[in-house]
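One structure below.
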Amino acid sequence: MVDWASIESKWRERWRGTEVAHADASREKRFITVAYPYPNSPQHIGHGRTYTLADVHARFERMRGRNVLFPMAFHYTGTPILGMAERIESGDEGLISGLVDLYGVPRERIPEFADPVKIARYFHEEIRSGMVEMGYSIDWSGEFTTIDPAYKKFIAWQVRLLRERGVIVQGSHPVGWCPRDSNPVSQHDTRGDVEPDFVEYTIVRLALEGGRVLPAATMRPETVYGVTNAWVNPDMEYARVRVAGAEWLVAPECISKLSHLDAGPVESTGTSVRGADLVGLTARVPGVDRDVRVLPATFVRADVGTGAVMSVPAHAPYDCAALEDLRRAGGEAGEIARSIRPVQIIQTEGRGEDPAGELVAAAGVASQGDERLEGLTKDLYAAEYYGGTMLPGTGSLAGMPAREAKEAAAEWLAGEQRGPPEAMYEFSNAPIFCRCGTACVVHVLSNQWFIDYSSAEWKALARRALGALEVVPPEMRPEFEHVFGWLRERACARQTGLGTALPWDGGWTVESLSDSVIYMSYYVVSRFVNAGRLDPESLDDAFFDHVLLGRGSAREAAASCGADEETVAEVRSEFEYFYPVDSRHSGRDLVPNHLSFFVFNHALVFPERHWPRQIVVNGSVLMEGKKMSKSMSNIIPLRQAVREHGADPIRLAILSSAELLQDADFKLDLVRSSSRQLESMISECARIGSGGGGEASPADEWLGARVRETAGTVSSLIERMRLREAVRHVMAGLDADLAWHARRAAPSGGGAVALREAWAARAALLSPFAPHAADEMWESLGMDGTASSSAWPGSSARGDDAALLLSELAVASAMSDIQRILRSARIGASRVTLHVAGQAKSRAHDVMLRAAEGGAADIGSMMRALGADPGAAAMRRDAAFVKRTLSDILSATPRERRLRLEGDADEAAAYRSGLAPLVAHELGAELVVLGEGEGGGPKAASARPFKPAILVE
RNA sequence: GCGGGAGUCGCCAAGCCCGGUCAACGGCGCAGGGUUUAGGUCCCUGUCUCUUAGGGGUUCGUGGGUUCGAAUCCCACCUUCCGCACCA
């Protein structure tokens with residue numbers, strides 16, 4: 001067993017400091033960043049994936065000679081940590097035992113976790129240690145947190161700049177709200193950790209005779225043209241309240257909801273009215289200007305909406321059923337109901353003129369109390385919302401798809417009704433309770449700050465930035481384009497949580513997805529702050545304007561912020577050197593938010609030459625086939641995994657379990673087998689050591705060529721972040737080559753020099769993926785320095801590489817054919833005779849190969865190509881040969897075809913020098929290599945190029 | 001509904017972008033053999049089907065199409081996973 005812990009710590013010591021990068025005009029730079037972590041828990045395998053990918057990228061670029069800046073920071077901004085602190089303070093045993101038992105937090109430290117910053121610091125250190133232990137080659141000199149004073153200055157500068165550019169706007173916005181605390185609630189504030197989710201109802205003010213208003217709340221404002229009557233519950237009391245300058249009749253439960261809409265005071269104006277007393281009144285539908293009657297319905301609920309409902313019997317099953325109930329019951333209301341006909345206003349494929357009526361009839365609904373009405377309503381709503389079109393007679397809505405009409409109708413009604421409240425909200429997952437026990441309501445904040453991502457010019461700019469960068473893998477680009485299309489206003493500040501105060505409105509804190517959009521530019525600054533060369537307190541807008549945007553002079557900026565001029569100039573030049581971001585790595589869950597905001601904000605803030613160059617998106621990680629659950633049950637903390645299995649085995653397991661975009665299934669089996677593979681590679685290198693000598697055999701030359709070829713393949717795979725495949729080439733691919741080389745070297749012995757060179761190259765190729773093991777191998781081989789600081793193995797082929805590789809393919813293929821014959825014929829052999837195809841056949845093969853590469857691969861084209869070549873024309877007569885040779889060519893790999901075109905291999909010579917010893921050694925048989933016409937064997941004529949005729953005796 | 005991913009020989013899972021070594025990498029399972037006191041580990045062989053001198057047939061969600069040739073490209077459909085926000 002390899003002792004990973006001691007190997008890893010040994011190499012970490014040796015590497016210390018080598019990852020720090022500074023501006024160096026003589027070298028090409030690469031700025032590689034990963035989304036910084038949120039320190040509210042230790043990192044697990046899933047987090048490890050993104051960071052490992054980025055680290056491989058950074059290590060690879062470094063070995064290729066690039067000056068790589070790969071920094072890290074910690075995102076303290078946000079509310080979850082605050083929520084945790086509050087729960088700790090209130091003694092939440094569930095959370096505490098989770099922290100202690102699953103996350104391994106020492107119990108004596110729990111009390112200090114009542115302070116959210118202490119929580120963040122704790123997990124910050126935890127995560128940082130894990131990153132170091134995983135061998136990530138992070139440059140820590142620019143490390144910061146998002147609540148550092150200097151970072152806050154940076155964010156203040158950023159939001160002021162965004163406001164100057166006109167993208168920060170104020171508006172109203174509904175949130176879950178605790179009336180007792182007068183504070184917004186989100187998931188971690190609620191009992192049972194429920195995320196408040198709500199739906200919007202449009203208020204339609206039905207004007208009763210005498211000036212009173214009966215407001216109906218509806219989720220389908222587009223159906224207002226189909227209203228035939230209004231519903232009230234006859235058994236309910238309706239409160240009289242003054243709202244927006246008129247007297248409204250609403251359910252008592254509605255009063256508090258109205259008062260949270262930020263639409264002025266809601267005052268009681270007298271005693272309540274019984275629903276039954278409203279029946280029969282005439283109400284005017286706003287906008288449509290149609291008079292309808294108020295009718296009684298028992299399905300109307302006091303706790304939903306306003307307590308009054310508009311009736312659209314053509315499109316609402318409840319309304320349809322309630323009218324039918326009235327008709328049957330008779331009386332005055334029944335008379336009115338009988339006179340009502342459904343008004344169809346939406347046409348939907350596959351539905352008739354009375355969609356609700358048809359559904360109700362088909363289901364055999366007996367009354368408005370039927371429970372199936374709920375389901376029917378949902379079905380019809382979904383069908384019409386997604387597939388319906390507004391019919392003529394619906395004013396400006398006519399012809400619109402229903403889903404568009406919904407928004408348009410809400411807007412139009414708001415205009416008709418002049419002034420708020422226009423909409424009200426209900427929790428869709430009610431009831432929701434605050435942790436203090438109070439029932440929550442939906443509250444409208446009218447002074448909410450937004451970043452307005454909806455602006456057309458900004459979108460155009462962002463699309464240009466997206467078009468100019470590389471998305472890896474390319475399949476993700478359409479998803480970005482789609483997101484860019486629907487991005488709208490986004491709340492950019494909250495009233496609680498850690499972070500930076502809005503400079504112009506101190507009650508608000510910049511929200512976490514808004515203070516993380518251009519922070520990569522701040523890494524350059526933070527290194528100067530950490531080094532004590534900049535005073536965090538004195539950093540001001542003039543400073544950031546200069547160093548990040550090049551505005552003004554270093555002298556002016558220095559004067560303004562009190563730093564010395566050279567320092568400011570140096571920050572500016574470091575920034576100019578390292579920006580733009582060459583590669584941004586993150587999980588795909590950040591595509592619709594962070595990564596999109598990252599592009600938008602860069603496009604707006606920075607000049608085009610500083611726009612990001614590449615985004616790399618990876619899928620998530622499953623544990624043994626299952627999704628990692630937030631309940632922490634199957635989450636393995638990364639540090640624990642490193643302690644138990646070693647960093648490199650985990651790195652390999654993460655990398656080789658899936659290609660970039662797919663969900664990686666993390667299996668301990670894979671970790672263990674990776675560990676074994678690395679162990680055997682290390683011990684093989686130890687066995688080879690630094691010694692060796694002797695002449696290089698053809699097999700040795702071949703091995704060198706194979707290593708060069710592999711290096712080229714691996715490079716191009718890493719460039720496309722196809723790391724799984726790259727790892728396979730380094731591990732399995734070279735394994736097979738080394739095994740073949742061992743077979744070939746067995747008869748003659750030797751090969752030690754070539755072997756050592758091949759293993760050294762292999763160690764270097766492995767280094768980005770498994771850096772500790774690679775350096776251990778490198779050292780065993782007696783190489784200078786470290787694999788991780790060595791130059792990436794050369795991949796350019798030497799002159800005769802193609803011929804070497806091709807000859808060896810021929811040898812291997814003939815050997816495998818011979819063995820196959822022996823196996824299937826169940827015979828032994830004392831002599832194997834090979835007949836190698838003659839000159840005319842070779843010529844014909846080349847002609848056909850070129851023709852096939854040119855795209856014409858049918859027999860007819862082959863015949864024509866052969867006819868056009870004097871040296872090969874004669875072979876046309878041998879139709880069987882042409883047919884078989886064509887299928888040989890077509891079934892060859894692209895690589896092999898390329899080698900056949902490029903390489904000038906002497907088949908017969910390859911068999912004599914390479915195959916004969918192998919046949920003698922492994923089969924104990926003599927190999928005779930003859931020309932096609934020699935020896936007159938029965939099979940000789942069937943020889944084809946790279947497919948010799950074989951006779952076993 | 002929209003956007004994206006995925007459906008492969010018992011299971012997991014490569015290949016698909018760049019159509020032809022694809023009956024289709026690899027692992028698990030299963031069968032046989034070796035190592036071993038035994039078990040485990042480890043090694044070898046086999047694992048759609050018919051053959052038995054390096055071979056043929058039928059397969060890669062379903063149905064069409066393009067092509068000399070399709071798991072791979074195009075179209076339609078079915079199934080399934082993820083996202084559609086103000087949360088990091």
Side-chain angles (χ1 to χ4, degrees), chain A residues 35-40 75 77-81 173-175 184 186-188 195 382-383 385-388 401-403 448 450-451 453 473-483 485-494 497 511-514 516 588-594 596-597 617 619-620 624-625 627 656-659 661-663 665 667 669-670 673 676 720 722 724-725 728 732-733 736 809 813-814 816-827 852 855-862 886-897 939 942 947-952:
Chain A
Y36 48 24
Y38 185 68
N40 68 334
H75 200 195
T77 311
T79 53
I81 290 176
H173 179 65
V175 294
S186 62
Q187 191 168 351
H188 62 273
E195 175 68 30
Y385 180 71
Y386 293 123
R403 62 181 311 181
Q448 172 72 51
F450 292 91
I451 295 184
Y453 289 110
E475 302 93 277
M476 285 311 287
R477 186 178 289 278
E479 195 156 330
F480 275 103
E481 282 163 358
H482 183 243
V483 170
W486 61 249
L487 273 182
R488 303 262 179 277
E489 301 85 4
R490 182 193 167 82
C492 67
R494 312 193 37 131
E511 175 271 341
S512 58
L513 282 164
S514 303
S516 57
R588 71 177 300 181
D589 52 331
L590 299 189
V591 170
N593 41 68
H594 166 72
S596 292
F597 303 153
V617 179
S620 61
E624 304 284 349
K627 205 169 166 176
S656 53
S657 72
E659 219 40 275
L661 198 55
Q662 291 184 339
D663 290 347
D665 190 3
K667 293 179 180 161
D669 273 355
L670 191 53
S673 75
R676 272 195 297 273
R720 286 172 290 154
R722 313 246 334 211
R724 199 188 79 96
E725 215 176 326
R728 281 210 319 165
L809 276 177
S813 137
S816 123
D817 275 352
I818 292 167
Q819 288 179 309
R820 217 182 295 191
I821 290 168
L822 292 176
R823 208 173 26 243
S824 67
R826 291 185 237 273
I827 51 176
D858 56 304
I859 291 284
S861 309
M862 286 303 128
L886 178 59
S887 102
D888 288 346
I889 288 171
L890 293 178
S891 63
T893 56
R895 165 175 180 261
E896 193 171 347
R897 282 191 234 166
K939 297 196 142 271
S942 67
K947 202 72 184 167
I950 300 170
L951 181 70
V952 180

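Just so it is clear: chains get the letters A, B, ... in the order the sequence lines come, proteins before strands, and each one is counted from 1. Just so it is clear, the values below take in all heavy atoms, side chains as well, and ignore hydrogens, waters and symmetry mates. Note that the coordinates shown come from a computational prediction; the quantities given were computed from them, not determined experimentally.
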Just to confirm, is there a sub-4.0 Å distance from OP1 or OP2 of B:A88 to any side-chain nitrogen or oxygen of A:Thr79? yes
Contact class for A:Ile859 (heavy atom, under 4.0 Å): base, sugar-phosphate, or nothing? nothing
Need one value for A:Arg897: base, sugar-phosphate or nothing, where a base atom within 4.0 Å counts as base even if backbone is also close, heavy atoms only. base
In whole Å, what separates the C1' atom of B:A71 from that of B:A24? 8 Å
Considering only B:A53, B:A85, B:A88, which nucleotide approaches the side chain of A:Glu511 most closely? B:A88
Regarding A:Glu489, tell me which of base, sugar-phosphate or nothing describes its non-hydrogen contacts under 4.0 Å with the strands shown. base
Value in whole Å for how far the P atom of B:A53 lies from NZ of A:Lys947: 16 Å
Roughly, in whole Å, what's the span from CG in A:Leu590 to C1' in B:C87? 11 Å
Using atom C1' in both nucleotides, what's the gap between B:C50 and B:A6 to the nearest angstrom? 34 Å
Is there side-chain contact between A:Leu513 and A:His594, with at least one heavy-atom pair below 4.5 Å? yes
Does A:Arg722 get its side chain close enough to the base of B:C17, under 3.5 Å, for a donor-acceptor pair? yes
Rounded distance in Å between the C1' positions of B:U35 and B:U59: 38 Å
Whole-Å distance between B:A13 P and A:Arg728 CZ? 15 Å
Return the orientation label for the A:His75 and A:Tyr38 ring planes: parallel under 30°, perpendicular over 60°, tilted otherwise. perpendicular
Closest-nucleotide mapping onto RNA chain B: is A:Ala814 or A:Trp486 further toward the 5' terminus? I mean the 5' end. A:Ala814
Could you work out the separation of B:C75 and B:C30 based on their P atoms and round it to a whole Å? 44 Å
Can you tell me the distance, in whole Å, between the NE2 atom of A:His75 and the P atom of B:A88? 8 Å
Which base sits across from B:U37 as a Watson-Crick or G-U pair, both distances under 3.5 Å? none
If I take atom CZ in residue A:Arg490 and atom P in nucleotide B:C87, what distance separates them, rounded to the nearest angstrom? 8 Å
Counting only Watson-Crick or G-U wobble pairs whose two distances fall under 3.5 Å, which nucleotide matches B:U80? B:G5
One should read off an interatomic distance between A:Ser514 OG and A:Arg490 CZ, to the nearest 0.5 angstrom, of 6.0 Å
Close N/O contacts between protein and nucleotides 39-44 of chain B (under 3.5 Å):
none

For B:A88 and A:Arg494 - does any side-chain N or O of the residue sit under 4.0 Å from the phosphate oxygens OP1/OP2? yes
To the nearest 0.5 angstrom, please state how far the CE atom of A:Met476 sits from the NE2 atom of A:His482. 12.5 Å
Could you work out the separation of B:U45 and B:G65 based on their C1' atoms and round it to a whole Å? 44 Å
Nearest heavy-atom neighbours spanning A:Ile81 and A:Pro39: CD1-O, 3.6 Å
Pair assignment for B:C28, Watson-Crick or G-U wobble, requiring both distances under 3.5 Å: B:G10
Tell me what A:Ser514 touches on the nucleic acid: a base, only sugar-phosphate, or nothing, going by heavy atoms under 4.0 Å. nothing
Could you state the NE2-C1' distance from A:His482 to B:G1, rounded to the nearest angstrom? 10 Å
May I ask you to test the A:Thr77-A:Ser516 pair for a side-chain heavy-atom distance under 4.5 Å? no
Kindly compute the distance separating OG (A:Ser813) from NZ (A:Lys947), expressed to the nearest 0.5 Å. 5.0 Å
Atom CG of A:Asn593 and atom P of B:C87 are separated, to the nearest Å, by 12 Å
Minimum heavy-atom separation for A:Pro592 and A:Leu487, please, with both atom names. O-CD2, 4.3 Å
Looking at the side chain of A:Glu479, which of B:A85, B:C25, B:G3 is the nearest nucleotide? B:G3
The nucleotide from B:A85, B:G15, B:A88 with an atom nearest the side chain of A:Leu487 is B:A85
If I pick the C1' atom on B:C25 and the same atom on B:U41, what distance separates them, to the nearest angstrom? 25 Å
Could you tell me the separation between the CG atom of A:Asp888 and the C1' atom of B:G54, rounded to a whole number of Å? 12 Å
Of all heavy-atom pairs between A:Phe480 and A:Ser596, which one has the smallest distance, and what is that distance? CD2-OG, 3.9 Å
With heavy atoms under 4.0 Å as the rule, sort A:Pro948 into base, sugar-phosphate or nothing. base
Protein-nucleotides 5-9 of chain B N/O pairs under 3.5 Å:
none

With a 3.5 Å cut-off and heavy atoms only, can you find an N or O donor on one side and an acceptor on the other between the side chain of A:Asp589 and the base of B:A88? no
Does A:Arg724 reach a base, just sugar-phosphate, or nothing at all? Heavy atoms under 4.0 Å. sugar-phosphate
Heavy-atom nearest nucleotide on RNA chain B for A:Leu513 versus A:Asp817: which residue maps closer to 5'? A:Asp817
Can you tell me, in whole Å, how much space there is between the C1' of B:C28 and that of B:A38? 25 Å
Close side-chain approach of A:Ile889 to A:Met862, heavy-atom, < 4.5 Å: no
Applying the Watson-Crick and G-U wobble criteria at under 3.5 Å, what pairs with B:C17? Answer none if nothing qualifies. none
Rounding to an integer number of angstrom, what distance separates B:C16 and B:C74 when you compare their P atoms? 14 Å
If pairing means Watson-Crick or G-U wobble with both distances under 3.5 Å, then the partner of B:C60 is none
Distance from A:Cys492 atom SG to A:Tyr453 atom OH, nearest 0.5 Å? 8.5 Å
